[in-house]
Amino acid sequence: MKNKKQAVVIFSGGQDSTTCLFWAKARYEEVIAISFDYGQRHKKELECAKAIAEEYGVEHHIFDLSLLNELAPNSLTRSDIEVDHDAPETGTPNSFVDGRNMVFLTYAAIFAKQRGITDLVTGVSQSDFSGYPDCRDVFIKSLNATLNLAMDYEFDIHTPLMWIDKEETWALADELGVLDVIHDKTLTCYNGIVGDGCGNCPSCKLRKKGYDRYMSHRNKK
Ligand code: ZN
């Protein structure tokens, strides 16, 4: 039995996936959030995810994927590797975790199918393209086809943020009535500071630039 009334959201507790969580909550009768523990430097990220899910009554599961860190050490999990501040001219930045989105979506799909759920939601975006190949639309479409073939099932992967930038992601949060929730309770900072973050890491800068732009346009309206 296929169930279009439920969706599984890949949820990290950051700005993008939390916006997607509320996007899904506005569209589906029931939303289930899943997070992965892959040895992130900041366990705080998972704590944020847990707190948000609890507060909004969302069923939430955290799955252990520490193997990912063992196989692909990277600057998000290893404190001895400093996060690249700019994308390198060739190759991927050292904050890229090989295979991460593929593995996350694959496990999400396996989980969803057991419950007869077809719809998966992920916050990947190709607009602020930071050199992550698995955030591109072509990859998501390809994986969707592969998962369908792998499990003989009709998955539907939704990517509400694919074509919008950070400013528009803030606008979407506002539209969904959760601008403050996203602003105050999510964690995107590479230094593990909730909300506004450290202000200096590449992730904070991107987030703040989008927020300031959105707020200045919003105030002019
Ligand atoms: Zn930061």
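Only heavy atoms go into these numbers, but all of them, side chains included; no hydrogens, no water, no symmetry mates. Numbering of ligands and ligand atoms starts at 1, following listing order.
Between Glu59 and Arg115, at least one side-chain N (NZ, or NE/NH1/NH2) sits under 4.0 Å from a carboxylate O, which counts as a salt bridge.
Ring geometry for Phe36 versus Tyr107: interplanar angle of 30 to 60°, hence tilted.
Among residues two or more places apart in sequence or in another chain, the side chain to side chain donor-acceptor pair (under 3.5 Å) test is passed with His158 by Tyr28, Asp119. When the side chain to side chain donor-acceptor pair (under 3.5 Å) test is applied to Thr188, the partners found at least two apart in sequence or on another chain are Arg207. Taking Lys208 as the reference, Asp212 meet the side chain to side chain donor-acceptor pair (under 3.5 Å) condition, with sequence neighbours excluded.
When only modelled atom types and interatomic distance are considered, Thr19 and Thr169 share no side-chain donor-acceptor pair under 3.5 Å.
Each protein N/O/S atom under 2.8 Å from the Zn ion (ligand 1) was counted, for a total of 4.
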